[in-house]
**Q** 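Right, I'll just put the structure down here and ask away after.
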Protein chains: 4
Amino acid sequence: MEKPEKCEKPDKCAEKREAIIQAALELVAEQGFHGAPMAMIAEKAGVGAGTIYRYFENKDDLIRWIYKNVEERFVEVMMQGYPEKGPVRERLVHIGTALVRHLISEPLQLRFVEQFHNSPYGVDHRREKIFGQGRKDVISELFDEAVAQQIFKPLELAILFSLFFGPLVDICRDHILGFVKLDDALIEQVVGACWDALRR
Amino acid sequence: MEKPEKCEKPDKCAEKREAIIQAALELVAEQGFHGAPMAMIAEKAGVGAGTIYRYFENKDDLIRWIYKNVEERFVEVMMQGYPEKGPVRERLVHIGTALVRHLISEPLQLRFVEQFHNSPYGVDHRREKIFGQGRKDVISELFDEAVAQQIFKPLELAILFSLFFGPLVDICRDHILGFVKLDDALIEQVVGACWDALRR
Amino acid sequence: MEKPEKCEKPDKCAEKREAIIQAALELVAEQGFHGAPMAMIAEKAGVGAGTIYRYFENKDDLIRWIYKNVEERFVEVMMQGYPEKGPVRERLVHIGTALVRHLISEPLQLRFVEQFHNSPYGVDHRREKIFGQGRKDVISELFDEAVAQQIFKPLELAILFSLFFGPLVDICRDHILGFVKLDDALIEQVVGACWDALRR
Amino acid sequence: MEKPEKCEKPDKCAEKREAIIQAALELVAEQGFHGAPMAMIAEKAGVGAGTIYRYFENKDDLIRWIYKNVEERFVEVMMQGYPEKGPVRERLVHIGTALVRHLISEPLQLRFVEQFHNSPYGVDHRREKIFGQGRKDVISELFDEAVAQQIFKPLELAILFSLFFGPLVDICRDHILGFVKLDDALIEQVVGACWDALRR
DNA sequence: AATGAATGAGACTTCATTCAT
DNA sequence: CATGAATGAAGTCTCATTCAT
């Protein structure tokens, strides 16, 4: 992930960039898009309003960039300690558990992603994700493999993803909002339930 | 679906009300809240800008009213032909199938509801829904019963709901956006998968 | 004061007219012009919004008509029991006392008049009053006479009026708003003070 | 007359602020509140519509700020050259004369204040002025002293103020509107008349 | 490179007035 | 005649973006 703008003092610049991103992330996560005007983001980041435009073309660009980063972070987390050689179930449980643990430890990221999905760009993004499958990622490969081995139900990838990730994200949201209280045991049960949905 | 405003000429009034509701529903569903200014709603409905305010106190009121109605419609649909005396699985499959059929036949309603959930009122609404369980509805009762009979996993209602309804809604969205193509056979499979997630 | 609109059922019409006038008077007096929209006046008067326009050309016309009536009422009150043959002081005290008594017994009329004086028409009205002295009224004659007899200071009528009526109206307003408490004795003192201002 | 908003370039900012204040003062004075929409104020001030909101939170804030300043200016003017040690009559005449001279030289300020007094805030302001007499000002002290020395009639402060200031303001308004023509001699006579109203 | 004051399009809402019923 | 639903111009205020410093 290269920095889209050149900068002579990398440290200083990276700092400001990060401050802007963090401020925008927090505001959008906590107040929604409509509660995150550029002026407020700038103030919270401790920079001038015009400065944001030196790092991002416009508000959309900023938002999209944050989304991309957060999503990549999700993948990183799921790949950390991924038992590449383990059986399908172990690999899937690892992914689900890692994701849930991350989401509830980074509530702002989850809330941001949810805000993003409902917006003009949300749909575009998902379209690109599903159809622009240029590069098969590890998770897609796992699902494909499980289908091929007749461990999973013979369904399209998009559907399998919804069956597995949909409930996990919903339940994490409920945890963050205080509607349910996840602990290690419960996480295991929930991930297990999602596994059941996929299993033949 | 009662008419909250008095009106001397029910026909004419109901027409305009419906036109406003339909216009707002479409615009919000297709463009998001941010793409549905009151002036545009009025124009699409073929009424003057001020006319909306004869039927709804303000924009929030309009949006909430639509949401409430759409949600009630969802429940109605799920309850239509509900096999009250049938086994748990049959009842659950009926609910899931009916919901999916309705959602993909009324794509605007689904998109609207998704937009609504991300907004200042979205969270409040869910909170009230989960904690203000004054009146147990038929669906909650079904789930409670299935847990008591040890047919479902022993999990909280909120979690069971996420496991069952979360993927269904996600997949319907993907169908609407053209990412997957649901037919009767596929619907059955998907609902079956969600059942598997709940089953002990 | 003829009724500007013809009407076949004088009773019914007069009733509606009065209701409209009373409603407008109250609303303007209590909430100011900005708190008295036509729709609210109509509702308070128990008539349709459009009905007002059968009796008055527009809002300005309504307001002006009320003002004219209220002002005429003031004159009537001051002329009631007016000691035409009495000495100047007695006549003036009668006028002042009668006015004060009326104003504090009809707070709405006072408040309305004050609202009226500050408005686009307020100035026009005063201009006409001062320069369009076509018909000398009794009060102007009294002041002229008092000046001629060298009882009053040799000042213009407009100034003498301000010296006498200005404080009286102000003090009545303060009474209505609860800032001072007028009783018969105090009224006498205040009118006496205003007399002192005029006296040579 | 402190600047309530911070600004890095005092000169430029103060200029715009002043332009906005002057524009609002003129429009309100000449056309009333109803004739002074924010867009018109902005245009007259030669700034963008949104700019006003960098200096004032909202329209009320702008109006109140102007009023406060104008009122303070009135007090300043009356206190300039105030003969603190002189006899009561001299002090009072100074106050009255200074006020009248100022009002007729700054007709916009007088008209503005009169507009202000008739408005939702007008009454509140007067109430606070009369009852919230936390800090006795010089003028109140003068009146209190004159009552104590039995120079003035034994009346409440609010009444004495109405007797003295009421006619002065009214007459200044008439001068501004061209109904009377004040000169030094006439001012002296009028102030003298108001003194007579107070004197025992 | 950074700032933040300035901008003005556009959002929501109100209300005097009209006109079909 | 009376009604009140409908209208749309106009009001207040917000905010993404620009640009002089």
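Proteins get letters first, then strands, A, B, ... in listed order; numbering begins at 1 in each. A quick note: this is a predicted structure, and the numbers were derived from the prediction, not measured.
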**Q** Report yes if some heavy atom in the side chain of A:Tyr67 is under 4.5 Å from a heavy atom in the side chain of A:Ile63; otherwise report no.
**A**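 SC-SC contact between A:Tyr67 and A:Ile63 ruled out.
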
**Q** Return the value, rounded to whole Å, for the distance between atom NZ of B:Lys59 and atom P of E:dA11.
**A**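 Those two atoms, NZ and P, are 8 Å apart.
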
**Q** Any side-chain heavy atom of B:Leu110 sitting closer than 4.5 Å to one from B:Glu114?
**A** yes

**Q** Rounding to a whole Å, what distance do you find between D:Ile52:CD1 and E:dA6:P?
**A**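 These atoms are roughly 12 Å apart.
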
**Q** Can you measure from CD1 (B:Ile21) to CD1 (B:Ile52) and round to the nearest 0.5 angstrom?
**A** 11.0 Å

**Q** With a non-hydrogen cut-off below 4.0 angstrom, is A:Met38 in contact with a base, only sugar-phosphate, or nothing?
**A**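 Base: the residue A:Met38, judged by heavy atoms under 4.0 Å, touches a nucleobase.
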
**Q** Can you tell me which nucleotide in E:dG4, E:dT7, E:dT3 comes closest to the side chain of A:Ala49?
**A**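 Given the options E:dG4, E:dT7, E:dT3, the side chain of A:Ala49 is closest to E:dG4.
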
**Q** Whole angstroms only, please: what is the CZ-P distance between C:Phe33 and E:dA16?
**A**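 Rounded to the whole Å, the gap is 12 Å.
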
**Q** Only pairs under 3.5 Å count here: list side-chain donor-acceptor contacts from residues 24-34 of chain C, not counting sequence neighbours, and write none if there are none.
**A**
from, atom 1, to, atom 2, distance (Å)
C:Glu26, OE1, C:Lys44, NZ, 3.2
C:Glu26, OE2, C:Gln22, NE2, 3.2

**Q** Work out which heavy atom in A:Phe112 is nearest to a heavy atom in A:Ile66; give both atom names and the distance.
**A** CZ-CG2, 3.5 Å

**Q** Taking for each residue the nucleotide of DNA chain E bearing the nearest heavy atom, is the 5' side occupied by C:Asn58 or by D:Val47?
**A**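 Counting from the 5' end, the first nearest nucleotide belongs to D:Val47.
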
**Q** DNA chain F: A:Gly50 or C:Gly48, which has the more 5' nearest nucleotide?
**A**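 Counting from the 5' end, the first nearest nucleotide belongs to C:Gly48.
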
**Q** Rounding to a whole Å, what distance do you find between C:Ile20:CD1 and F:dG4:P?
**A**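 After rounding, the reported distance stands at 13 Å.
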
**Q** Given a 3.5 Å cut-off on both pairing distances, which stems involving DNA chain F, each at least three consecutive Watson-Crick or G-U pairs, are present, if any?
**A**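 Consecutive-pair runs (3 or more) involving DNA chain F: E:2-21 with F:2-21.
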
**Q** Output every pair passing salt bridge (charged side-chain N to carboxylate O under 4.0 Å, His left out) with a member in residues 32-41 of chain C, not counting sequence neighbours, ordered by first then second residue.
**A** none

**Q** Looking at F:dG4, I'd like to know if its phosphate oxygens (OP1 or OP2) sit under 4.0 Å from a side-chain N or O belonging to B:Lys16.
**A** no

**Q** Take the protein atom CD of B:Glu43 and the nucleotide atom C1' of F:dA6, then report the distance between them rounded to whole Å.
**A** 17 Å

**Q** In this structure, how many angstroms lie between the P atom of E:dT18 and the CZ atom of C:Arg54, rounded?
**A**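 Rounded to the whole Å, the gap is 12 Å.
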
**Q** Can you check the B:Tyr53 OH to E:dA16 P distance for me, whole Å?
**A** 17 Å

**Q** Check whether any side-chain heavy atom of B:Phe116 sits under 4.5 Å from a side-chain heavy atom of B:Glu71, and report yes or no.
**A**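 A side-chain contact under 4.5 Å is absent here.
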
**Q** Please report, rounded to the nearest Å, how far the P atom of F:dC15 is from the CG atom of A:Leu27.
**A** 12 Å

**Q** Compare the minimum distances between each of F:dC15, F:dG8, F:dT12 and the side chain of D:Pro37, then state the nucleotide with the smallest one.
**A** F:dT12

**Q** Nearest heavy atom decides the nucleotide; on that basis, is C:Gly46 or D:Met40 closer to the 5' end of DNA chain F?
**A** C:Gly46

